[in-house]
Amino acid sequence: MFSRAYKTAVTVPPLLWVTVFLLVPYALLFCYSFWTVSPAQTIVHHWNLGNYRELLQVHVYFQTLLRSTWIAARVMLFALLLGYPLAYYVSFQAGARKNLLYQLVIIPLWVSYLVRAYAWKTILGSDGVLNTLLQYAHLTRHPVEFLLYSPFAVVLTLTHIYTPFAFLPIYASLEHIPRNLVEASHDLGASPIQTFWRVILPLSIPGVLAGATFAFVLSLGDFLAPLLLGGPSGIMISNIVVSLFGAAYNWPLGAAISLCMLLLVVSLLFLSERLEKKWSFS
Amino acid sequence: MTSPTTQPAAKPQSLLSIREVVKTFGKLAVLRGISLHVDEGEFLTILGESGSGKTTLLRLIAGFERADSGEIWMGGERLDLLPPYRRRVNTVFQSYALFPHLSVRDNVAYGLRMQKKIAAADIDKRVEDALAMVKMSALAASKPAKISGGQQQRVALARALVNRPRLLLLDEPLSALDANLRRQMQLELKSLQREVGISFVFVTHDQEEAMVMSDRIALLRNGSLEQVATPREIYSRPATSYTALFIGHTNLLRGHVERGLAHCGGFQFRTSVPDGPAVFSVRPEHIRLATTTVSSSSDSVRFRARIVAHSFHGATDLLQVECADGLKLAVRVPSHGALSEQHDFEFSAADAFAVRDSEERS
Amino acid sequence: MSASAHNPRWLGVYALLVFALLYLPILVLIVYSFNGGGVGGFPPHNFTFSWYRMLLADGAMWESVLNSLMVALAAMAISLLLGIPAALALDRASFPGKAAFRRLVLLPLILPGIITGLSLLMLFVDMGMRLSLLTITLGHGTALISVATTDIFAGLQKLDRAQEEASLDLGANYWQTFWRVTLPNLRLPIIGAALLIFTLSMDEIAVSFFLIGRDNTLPLEIWSRLRRGMTPEINAISTVIFAFSLVAIVLWYRLRARAEGQPELGAELVETAAAGS
């Protein structure tokens, strides 16, 4: 029903813009990762695999990537452990307060990321809220130091930030389950727990996959929480990229690491999309 | 000799003419070469099952779809080359498609406001008239969500008619209404059409609705026209077995003709059909309970059958009967008390109407 | 037994604990913005407004707020001006590379912000552009087209196509139909997307981090101060921002509830992004 002129008018401007400001930059990232930087700190447009060789040879890159993955995996796990029961509760048992509770989960998403990370810092610090509370309650005499500047602090903060992201798709998938399926299961003699394992959980898998992907991918690329709360043992892969683009001035190497991250993220998204399709029955 | 002007206007001028229109969606052939005309002031119904292509045909006339080949003409102009907004054709949509953000009045005024030439005062007047015509003046300020389905229907009608289109398209506009309202709206719509004198092309899958309202019915099946005729004709002289089955109930008798005598299972009767295989349609209401012991007239076909089912339908009863050779027939008789299990029935050979066997298509 | 199994109390308690975790930092933040003893230290003591007074007099902070407001408004305009046609194109046009286009548009939503940020940095540097608020605006505007497209595409999916057909049928051309039918029907998704884009841009740091020139945006200003040490003034500005966000959310929910009942902003976004990228 729409004329060719209409279709052209709505297609061409965004297509052009996205090409210039997204496709070209990502392509530049790809190019840079095969270039080098000269001792005089200029970019040498000479195609080679040196950056990738360095990534394989210098252990700190791989170790940091591994640590980032491990942190992201824990965040994902905790976000699911917190988000799923919460989604289940809001969807199936909150009754009249359902809408209110749903909105209460969303609201923290609107509060500045930086500010929330900062709040955790004020809670976990050696003279922070938690430590002074413990001392106030005479549970400890000296501040507990491991709280801040550790992977623990990073995982806690990222879990707090990404739990709503895990919650949302899970909640949506639970909401899409027709309630008569649950009734049919009970009618056929399944207990609530059996119904959960055999009907509700399988049907909510796509939401779980989407939520898990979100929590994992977003925390994998995070660089503020580690800088703010991580300390030396909490450094993540993005921090290395940031320093390569800053003081260390080696854009090509930074581009190579970024490209690896990009490929990792895109293949994870691809995988999760495939799995979601497999688990969706409608 | 009489001059041409004194000739009675026996045949009204053709308003819309559809010529050899073909439409496919991907590999699916939806319309397979449709040719059809709509006369000035005519109420034409496009009747067909879902998937027959009737809505697609309507959307081609309205301009929402483009035909793969063929032409559509209206009053000496190629209609199918114009965008929808340049066609003097308006549509009443199945779901009414009233704009939810506009009041009833603004919905009706929408089309007039698009024409730059009309003065605001004229628009107001025409909108009020249109609303009065469909008895919706009182609710002019309401939003569509606040009025009932029947009222939305009237507003949709006013919104289309206020533009004085040359042709009004109606896409199953009554399907969302309940049975009583629906019957009432059928009559209202028909009298409204007479009043305004605009040609209507009405799409429906309901053969009863088509019979009640139409001047002519175009029966569409799998993208081809099965028959185009007046309701009376299409009922009493169905061209094909599909038409006979779709328009009202019927019994199909398959057999062959030899020297003017039809042989269909246990039945034999005179016919004018040429020799060879043949299919005859016998309407249930044309079969009657035989009251006398001998045939009531020379051309009547008499048979004995067992009544296997008997259902009450108000003024008539519907019987399922089984002949000795196992052939099952539907019979409609005036309401009757209990009947014995076996009974004599008869129909006249003239009521066995030869139809063309519709080939199976998919 | 059956009743308790249907509605186990532990699940409610667990949900309550999760909510506590979600709100604890926000609560702490607000409480200590009024704490005379500074950040940390239990129990809080000496209720004071002095941090807010300090904030009020802080010129650099307000300048960064102004910068952020300008960036957010401009980014909102860019994202909507391109996101609306992009959503229309995805909904109704077919062109080679459409699937790739969709994925590309949505990519910044799921990709770590620093990748988008440094890719744009390379582009701007290679183009010879000086880094400034303009480059940040372009970065935000581009990255957030994803939000506009997602929200508006979801709105288009719910829009009854017959509405636009009816408009064309009544003699309105495509342009008139767009203004009078399509756009009014998309009012809520557009407002929702605008709010979300504005908020995300106000809070954005990863992309801005790479594209920053001389002028700071608010998050970068806060960031630079955090690196120097914690001050309750940051609690104060955070509380102010939170209050404004809350007002925006409440307004949005009321608008949305009045229009259709079920507010679900954000959920659509996450769902579509998850399905789309």
Side-chain angles (χ1 to χ4, degrees), chain B residues 26 55 58-65 82-102 106-118 123 127 130 143-145 152 155-165 167-173 176, chain C residues 80 84 87-89 91-96 98-99 151-194 251-252 254-264:
Chain B
T55 295
L58 201 74
R59 291 169 62 80
L60 282 168
I61 303 172
F64 306 138
E65 308 283 354
L82 299 174
Y85 49 90
R86 296 253 172 74
R87 302 185 185 201
R88 290 205 52 198
V89 172
N90 286 118
T91 308
V92 175
F93 290 80
Q94 181 169 20
S95 55
Y96 315 136
L98 297 179
F99 306 124
H101 59 295
L102 300 180
D106 289 337
N107 260 283
V108 176
Y110 189 93
L112 296 176
R113 287 187 181 142
M114 291 301 140
Q115 307 173 33
K116 300 216 163 53
K117 307 175 290 255
I118 308 178
I123 292 181
V127 168
K143 288 277 166 65
Q152 290 181 18
V155 175
L157 205 56
R159 185 178 72 173
L161 284 174
V162 76
N163 305 292
R164 296 178 190 150
L167 179 65
L168 187 74
L169 307 175
L170 302 102
D171 186 7
E172 307 216 22
Chain C
L80 287 177
I84 292 171
L88 289 169
D91 186 49
R92 22 193 86 167
S94 50
F95 51 93
K98 182 172 168 179
D151 252 27
I152 292 158
F153 184 77
L156 279 172
Q157 297 282 294
K158 285 184 201 147
L159 175 66
D160 179 11
R161 190 62 70 80
Q163 295 271 327
E164 287 163 287
E165 288 177 351
S167 170
L168 294 170
D169 188 74
L170 293 166
N173 62 30
Y174 288 111
W175 185 243
Q176 291 166 318
T177 299
F178 175 75
W179 278 107
R180 288 167 176 262
V181 176
T182 317
L183 219 48
N185 270 295
L186 293 176
R187 197 174 53 103
L188 278 179
I190 288 175
I191 297 176
L251 282 180
W252 162 247
R254 291 186 68 171
L255 180 74
R256 177 116 186 186
R258 210 176 50 196
E260 43 186 77
Q262 281 277 327
E264 47 184 64

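The chains referred to below are lettered A, B, ... by the order of the sequence lines, with proteins before strands, and numbering in each begins at 1.
Neither the backbone nor the side chain of B:Pro165 comes within contact range of chain C, judged by heavy atoms closer than 4.5 Å. For chain B, no part of C:Arg187 is nearby; none of its heavy atoms comes within less than 4.5 Å. Of the atoms belonging to B:Arg59, it is side-chain heavy atoms, and not backbone ones, that fall under 4.5 Å from chain C. Neither the backbone nor the side chain of B:Leu169 comes within contact range of chain C, judged by heavy atoms closer than 4.5 Å. Heavy-atom distances place the side chain of B:Ser95, and not its backbone, under 4.5 Å from chain C. In this structure, chain B has heavy atoms under 4.5 Å from both the backbone and the side chain of C:Asp169. Using a 4.5 Å cut-off between heavy atoms, B:Asn163 contacts chain C through its side chain alone, with no backbone atom that close.
Using bins of under 30°, 30° to 60° and over 60° for the plane-to-plane angle, the ring pair C:Trp175/C:Phe178 lands in the parallel bin.
With contacts defined as side-chain heavy-atom distances shorter than 4.5 Å, the pair C:Asp91/C:Arg161 qualifies. Counting heavy atoms from C-beta on, the side chains of C:Ser167 and B:Met114 never come closer than 4.5 Å.
Residues satisfying the ring-ring contact (aromatic ring centres under 6.0 Å, His included) criterion with B:Phe64, sequence neighbours excluded, are B:Phe93. Not a single ring-ring contact (aromatic ring centres under 6.0 Å, His included) links B:Tyr96 to another residue, sequence neighbours left out.
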Checklist entry - Should B:Asp106 and B:Arg113 be marked as a salt bridge (Lys or Arg N to Asp or Glu O under 4.0 Å) after you check the CA-CA gap, both sets of side-chain angles, and the distance that decides it? => result CA-CA 9 Å; B:Asp106 289 337; B:Arg113 287 187 181 142; 3.2 Å; yes
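Note that CG of B:Leu157 is 11.0 Å distant from CG of B:Asn90, once rounded to the nearest 0.5 Å.
The choice from C:Asn185, C:Asp160, C:Asn173 that makes the most heavy-atom pairs within less than 4.5 Å of chain B is C:Asn173. For chain B, the option among C:Gln176, C:Glu164, C:Arg180 with the highest count of heavy-atom pairs below 4.5 Å is C:Arg180.
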